Structures are given as C-alpha cells and as structure tokens.
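Heads up: the structure comes next, in structure tokens.
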Amino acid sequence: TVGFDTDTSGGNPTVGMEDGANAAVNYINEQLGGIDGHPFKSVDCGSGGDPASTVQCANTILAARPVAVETLDILSEGAAVPLYAQANMPVLAEYPLDPKEYTTSNVFDMVGGADVAYSALASYVISQHWKKVTIALVNTPTALPAVAKPFITPLTNAGVTVTKVLFPLTTTDMTPYIQQASSQSPDAIFIVGIPSQCTSGLKAANTLGVTAKFMTTTVCGDLATFQSAGPKASGAVFATSLDLFNPSNPDTKTFEAAWAKYGKSGEAAGNQPAFGFAATMNAYNVIKAAGGPEATPARSEEHSLNSSHIT
C-alpha cells in the first residue's frame, strides 16, 4: 500500500496528477499483475493545500501503515515532512516545492522537481543572451525559496538582472501584475503560479500588448492552459523533467496506452496526468525492488536511493 498525499482543493490543485496516479495503479494491477500477484493499493488523501489539512492527511496516511508515501506537488508539504521522518516513512516526492523536501533524508525526488525545471529555464535564458528577466511570483512561503537557488542565483551570477513582482495566491486577474512586470522592459517574464494564473497572465499580456517573451512553470504546461491563453501562448517556454511526450521514448507509448484505457474521461493526456503516472510507476519500481509484498518502509527507502526512474 502506498499513500497518495495530494492537494485537491487548495491553492495548487493537483487533481490531474492524482488522475494520472490512479491510472497507473489500474495499469499496474490489470496489465502488470500487481506486485508479484498482489494488488497495488493506494490510500488517497486530498488536502486543502494549507499546513493544517496537510498534517491531517499525513496522519490519515500513516494510520493506514503504507510502505511509502507519494506526494503530488503540494505547496504546504513541508508541514508533513517531519511527521513522515519521525515515522521513518520514505516520501517519494513527485514535484517537491518546499525546502524541507530537499533537505530531509527520507524524501526522494522521483520525477524531478522545481530544481530541475527552474535550472533548465535559467540555462535557456542564458542561451538566449537575455539581460533582464522579471518573475511574476506567487507570494507563498515556498515559492521564493524554490525559485531562488536554481533560477535567480545562476542568472545573477551570469550578469542577468532579475526582478520580482509578487502577487497573492488568491489572484484571479493577473493584469496589474503583468503590467507592473512589463513596465521594467524585461526580455522575458517568468510566471510562477498555479495554472489559472498562468492562463490569466498570458491573456493579460495579449490585452496589454506586452512584447517580452514568456516562461511558465511545469504545472502550467498542460495543453488546456495554453489553448485558453490566446496568441501570447505561442512561443511561451516551460520546462519539464518528463520525456513522456517524446514519441521515440518507450515510456510514452506505455503512458498513452494506459491513459487511453484508464484515464479520466474527457481529460487530455497532459503534463499533470503524465507526472502523476510517472511518479506512481517509479513508486511501483521501488516497492517491487524492495521485496514486493514483503516490502517495508525501511527497504523502500533503501531502494529509493538507487531506483530506476520512468522518464
């Protein structure tokens, strides 16, 4: 049994990732025969994205005595990490955001989190010889630490001027913040927020006639986000640590076939479902290597250190 710790109703809803994870569970059980003939089970708990409900979810999951916990892109996951550490429970982080997820020994990044995506975007900025970048940044406790080291620091070291425009997590209209960001005449604007804020920001850029290039985070990389964002979405750049949309990658065929059969009706096989699917397949590989039905949290943690990852 694996615990799924997700944000289903808070500031960064990961419903698409949870759908991808559930598709992987069905694929594992029906196509792979479970784990050595035993069903691969999940204990789902959707938090509100705030510390109190995240801790409540952690306690619910721990009470089910899983062999590992899979976390799916939760803004407040740092509140639960100490509980999992105290219980010696390995955490298989799908997209770690909180600094504690990078500094706690029992947390393992199973797909590639903010560090991977933001570092790639920093490299892209440098390759384009841009000199000024403005970050339209959601004002949460985890957002600035997540973007500082992998994105701001390397750009500053490379001589790029980086400025920030902060906006509340509850923002629905990004127009004033995009206007403020563009007033600084940057070469590019990097929107760090939830998908609806990326869409709103790109729409605002269309209305305002902003000429700067745009970058977004991985969670905004779904087709639906870009399709609804208008012309400015064309040419926008986002980074992902997944290779699940490369037709030459065997994992792509696995994901697409599994999603066609087990995915949520009417939901595209986009970035969020792909992340949830990949993270769950990685969890399956770890638990199978740790002894399958005989797996324990300690053995799962041992094999998390040297696991093979779906890309």
Side-chain angles (χ1 to χ4, degrees), residues 11-12 73 75-78 95-103 109 112-171 173-221 225-226 229 232-241 271:
N12 189 36
D73 198 13
L75 291 174
S76 58
E77 189 57 37
Y95 195 85
L97 294 172
D98 193 282
K100 290 180 182 177
E101 295 180 274
Y102 290 100
T103 57
D109 183 356
D115 269 7
V116 175
Y118 296 166
S119 295
L121 287 174
S123 295
Y124 181 77
V125 168
I126 294 170
S127 74
Q128 297 301 301
H129 305 290
W130 293 338
K131 297 301 181 184
K132 294 177 66 177
V133 173
T134 298
I135 308 173
L137 183 69
V138 62
N139 191 7
T140 67
T142 59
L144 183 56
V147 80
K149 185 176 180 180
F151 186 78
I152 296 176
T153 298
L155 290 185
T156 302
N157 291 341
V160 179
T161 300
V162 181
T163 55
K164 299 182 292 292
V165 173
L166 301 179
F167 58 88
L169 180 59
T170 54
T171 299
D173 181 5
M174 290 287 291
T175 301
Y177 305 104
I178 297 301
Q179 188 169 31
Q180 183 181 350
S182 63
S183 70
Q184 302 173 30
S185 301
D187 297 299
I189 296 173
F190 180 22
I191 303 176
V192 180
I194 61 177
S196 62
Q197 291 162 344
C198 294
T199 301
S200 176
L202 291 171
K203 286 182 175 179
N206 294 322
T207 302
L208 296 168
V210 177
T211 58
K213 298 293 185 181
F214 274 81
M215 301 183 293
T216 70
T217 62
T218 302
V219 297
C220 294
T225 300
F226 285 109
K232 200 62 185 178
S234 178
V237 176
F238 76 96
T240 178
S241 54
N271 202 50

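Because only heavy atoms are used, hydrogens play no part in the values below, and waters and symmetry mates are left out as well, while side chains stay in. Computed from a predicted structure; not experimentally measured.
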To the closest 0.5 Å, what do you measure between [atom1] ([X]) and [atom2] ([Y])?
{"X": "Ile189", "Y": "Lys132", "atom1": "CD1", "atom2": "NZ", "answer": "11.0 Å"}
{"X": "Gln184", "Y": "Ser182", "atom1": "CD", "atom2": "OG", "answer": "8.5 Å"}
{"X": "Gln197", "Y": "Thr217", "atom1": "CD", "atom2": "OG1", "answer": "9.5 Å"}
{"X": "Asn157", "Y": "Ile152", "atom1": "CG", "atom2": "CD1", "answer": "11.5 Å"}
{"X": "Leu155", "Y": "Lys131", "atom1": "CG", "atom2": "NZ", "answer": "11.0 Å"}
{"X": "Phe214", "Y": "Lys232", "atom1": "CZ", "atom2": "NZ", "answer": "6.0 Å"}

### Task
Report the C-alpha separation of Val147 and Phe190 in whole Å, then their side-chain angles, then the decisive distance to 0.1 Å, and conclude whether the side-chain contact (heavy atoms from CB on, under 4.5 Å) test is met.
CA-CA 11 Å; Val147 80; Phe190 180 22; 4.0 Å; yes
### Task
Mind telling me whether Tyr118 and Phe151 have parallel, tilted or perpendicular rings, with 30° and 60° as the class edges?
perpendicular
Which heavy atom of [X] sits nearest to which heavy atom of [Y], and what is that distance?
{"X": "Leu202", "Y": "Ile191", "value": "N-CD1, 4.3 Å"}
{"X": "Asp173", "Y": "Pro176", "value": "O-CD, 3.6 Å"}
{"X": "Asn206", "Y": "Ala229", "value": "ND2-O, 2.8 Å"}
{"X": "Val192", "Y": "Phe167", "value": "O-CZ, 3.5 Å"}
{"X": "Phe238", "Y": "Thr216", "value": "CB-OG1, 3.3 Å"}
{"X": "Ile126", "Y": "Pro154", "value": "CD1-O, 4.2 Å"}

#### Entry: Candidates Val160, Thr134, Thr211, Thr161 - the one meeting side chain to side chain contact (heavy atoms under 4.5 Å, CB included) with Pro186
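Filter result, single survivor: Thr134.
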### Query
Crowded around Lys213 NZ? As in, over 12 foreign heavy atoms under 6.0 Å?
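No, NZ of Lys213 has 12 or fewer neighbouring heavy atoms, counting only those of other groups under 6.0 Å.
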### Message
Main chain of Met174, side chain of Thr171: is a donor-acceptor contact present, judged purely on distance under 3.5 Å?
### Response
no
### Derivation and outcome, side-chain contact (heavy atoms from CB on, under 4.5 Å), residues Val162 and Ile135
CA-CA 7 Å; Val162 181; Ile135 308 173; 3.7 Å; yes
### Query
Quick one: does Leu144's side chain get under 4.5 Å of Lys164's, heavy atoms only?
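They are in contact (side-chain heavy atoms under 4.5 Å apart), so the answer is yes.
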